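This report refers to the structure that appears directly beneath it.
For the numbers below, each heavy atom of this structure counts, side chains included, while hydrogens, waters and symmetry mates do not. Residue numbering restarts at 1 for every chain, and letters A, B, ... go by the order of the sequence lines. Only a predicted model underlies this, so the values are computations on that prediction, with no experimental measurement involved.
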There are 2 protein chains.
Amino acid sequence: MKVTATEEYGLRCMLLFAASDSGLPLTLPEVSSKEGLSIPYAGKLMALLKQAGLVKAVRGRSGGYVIAKPAEEIALKEILNALGESFYGQHHCERYTRKEKCVHEGDCTVGSVWIAFDRFIDQVLQKVTLADLASGKCDLLGAVEAKQ
Amino acid sequence: MKVTATEEYGLRCMLLFAASDSGLPLTLPEVSSKEGLSIPYAGKLMALLKQAGLVKAVRGRSGGYVIAKPAEEIALKEILNALGESFYGQHHCERYTRKEKCVHEGDCTVGSVWIAFDRFIDQVLQKVTLADLASGKCDLLGAVEAKQ
DNA sequence: CAAATACTATACTTTTATGTATAGTATTTG
DNA sequence: CAAATACTATACATAAAAGTATAGTATTTG
């Protein structure tokens, strides 16, 4: 089970925006330098976040990126979804099928494991906001218990 | 967040052993054919599981692999650990550091997210056994609530 | 005891994810 | 209005994971 590079760096970028209190846009060179990424790579990540509606791009000379809504209203789930597929995504079975048809077709024990696990994690990721993360208060276990 | 191929197929193999009620060893060709994997690839996976003490190898003409202990005593966590690193593993920071030193050295918000998340998931993975999975009863949420 | 059949180890190929380079488009501001 | 500086898109290079091939070692059993 692995966090992808895109998720890792993308989340770091979002935390950068959550921490930036000036309303001014952060430019790509700024993001790049603060996160130690190359400018085009930072651009690629920001494009993903923009596409998901988490940040807005401001073009032109005094442009940059601004966060699209308050950090309190951005769930961790939204961010990770923007940066990659859920780990039991739509293409999971297809991906791990080596014949024309999956050998577990119709009776997939491992599938039901991932589905349960995925739903479970979703509940957590849905509850925790970017603001929680930025403030260092991410009581994940509490997040789930509170719901039930 | 991604399940690696090794984890996916390795877990499937363990489920195969959990479901096999004859005490007889399963040979590599058998595992290979039942899971739709090549023999050497199946061998590679089984070697990992063996190294972790989850299965035992029986060499020789009537050999194969047998499960090392009852499925009730094997936690999902043990299986996933055998097949790869936890997603916030020892080398996480090193891996996602692009300079000589991480730009977040000493003040790593994203790190504390993953640590919390990792511990949280561990609690679940520790509670769910291979037997639970095989029987289709993997009440993950219940597993955590029961603990607290 | 030797042939059959099992597991084991290692080198190699292929695929996929990462990250870079480059050229281009849009908008501001002097 | 044009130069500066921002974002954007796409093709390419590199690194890591996935999977294969092959040769080898260990036991059983006729």
Side-chain angles (χ1 to χ4, degrees), chain A residues 1-13 17 24-33 35-52 54-68 83-85 87 89 91-92 94-99, chain B residues 1-13 17 24-33 35-52 54-68 83-85 87 89 91-92 94-99:
Chain A
M1 224 140 52
K2 228 178 54 179
V3 174
T4 66
T6 306
E7 287 166 339
E8 174 75 23
Y9 295 128
L11 179 54
R12 288 185 190 177
C13 289
F17 281 88
L24 294 174
L26 278 168
T27 68
L28 228 27
E30 280 167 340
V31 171
S32 150
S33 119
E35 291 302 329
L37 308 170
S38 73
I39 293 178
Y41 190 32
K44 216 171 186 176
L45 296 172
M46 293 311 299
L48 283 173
L49 295 169
K50 184 201 156 193
Q51 209 173 339
L54 297 176
V55 296
K56 286 177 189 161
V58 181
R59 299 189 82 147
R61 183 156 173 186
S62 59
Y65 290 95
V66 290
I67 200 165
L83 297 166
E85 251 199 344
F87 78 97
H91 307 95
H92 184 94
E94 183 186 332
R95 173 174 190 167
Y96 294 123
T97 295
R98 300 157 59 90
K99 313 273 187 188
Chain B
M1 225 140 49
K2 229 179 53 180
V3 174
T4 65
T6 306
E7 287 166 339
E8 174 74 24
Y9 296 128
L11 179 53
R12 288 185 191 176
C13 290
F17 282 86
L24 294 175
L26 278 168
T27 68
L28 228 28
E30 280 167 341
V31 171
S32 151
S33 121
E35 292 300 331
L37 308 170
S38 73
I39 293 179
Y41 190 32
K44 217 170 184 175
L45 296 172
M46 293 311 298
L48 284 173
L49 295 169
K50 184 201 155 192
Q51 209 174 339
L54 297 175
V55 296
K56 285 178 189 160
V58 181
R59 299 191 82 146
R61 184 158 173 185
S62 59
Y65 289 94
V66 292
I67 199 165
L83 298 165
E85 252 198 345
F87 78 98
H91 307 94
H92 184 93
E94 183 186 333
R95 174 175 189 167
Y96 294 123
T97 295
R98 300 157 60 89
K99 313 275 185 183

Q. What is the distance, rounded to the nearest whole Å, between atom CG of A:Leu45 and atom P of D:dA9?
A. 15 Å
Q: Would you kindly give the CG-to-P distance between A:Leu26 and D:dA6, to the nearest whole Å?
A: 12 Å
Q. In whole angstroms, how far is the P atom of D:dA17 from the CG atom of B:Leu48?
A. 14 Å
Q: Between A:Val3 and B:Gly64, just flag the one whose closest nucleotide in DNA chain C comes earlier from the 5' side.
A: B:Gly64
Q.
Under 4.0 Å, heavy atoms only, any strand: does B:Ala47 hit a base, just the sugar-phosphate, or nothing?
A. nothing
**Q.** Atom-pair distance (CD1 on A:Ile39; P on D:dA6), nearest Å
**A.** 8 Å
(Q) Using a 4.0 Å heavy-atom cut-off, does A:Tyr9 contact any base of the nucleic acid, only the sugar-phosphate backbone, or nothing at all? (A) sugar-phosphate
Q. To the nearest Å, how far apart are A:Lys56 NZ and D:dA6 C1'?
A. 18 Å
Side chains of residues 24-32 of chain B: which donor-acceptor pairs under 3.5 Å do they make with residues two or more places apart or in other chains?
from	atom 1	to	atom 2	distance (Å)
B:Thr27	OG1	B:Glu30	N	3.2
B:Thr27	OG1	B:Glu30	OE1	3.4
B:Glu30	OE1	B:Thr27	N	2.8
B:Ser32	OG	B:Leu37	O	2.7

Q) Got a sec, which pairs hit salt bridge (Lys or Arg N to Asp or Glu O under 4.0 Å) with one end in residues 2-12 of chain B, sequence neighbours left out? A) B:Glu8-B:Arg12
Q) Whole Å only: how far is the CG atom of A:Leu28 from the C1' atom of D:dT8? A) 10 Å
Q. Just how far is it from atom OG1 of B:Thr4 to atom OH of A:Tyr96, taken to the nearest 0.5 Å?
A. 6.0 Å
Q) Is DNA chain D part of any stem, that is, at least 3 consecutive Watson-Crick or G-U pairs with both distances under 3.5 Å, and where? A) C:1-30 with D:1-30
Taking only distance into account, with no hydrogens and no angle test, what donor-acceptor pairs under 3.5 Å do side-chain atoms of residues 39-52 of chain B form with protein atoms, sequence neighbours excluded?
none

Nucleotide N/O to protein N/O under 3.5 Å, stretch nucleotides 13-17 of chain C:
from	atom 1	to	atom 2	distance (Å)
C:dA17	OP1	A:Arg95	NH2	3.4

Q: Please name all residues satisfying ring-ring contact (aromatic ring centres under 6.0 Å, His included) with A:Phe17, sequence neighbours left out, ordered by chain then number.
A: none
Q: Could you check how far CD of B:Glu8 sits from C1' of D:dG19, rounded to whole Å?
A: 15 Å
Between protein and nucleic acid, restricted to nucleotides 20-29 of chain D and to nitrogen or oxygen atoms under 3.5 Å apart, what atom pairs and distances do you find?
from	atom 1	to	atom 2	distance (Å)
D:dT20	OP2	A:Arg98	NH2	2.8
D:dT20	OP2	B:Ser38	OG	2.9
D:dT20	O4	B:Lys44	NZ	3.3
D:dT25	O2	B:Arg59	NH2	2.9
D:dA26	O4'	B:Arg59	NE	3.4
D:dA26	O4'	B:Arg59	NH2	3.3
D:dT27	O2	B:Arg61	N	3.4
D:dT28	O3'	B:Ser62	OG	3.4
D:dT29	OP1	B:Ser62	OG	3.1

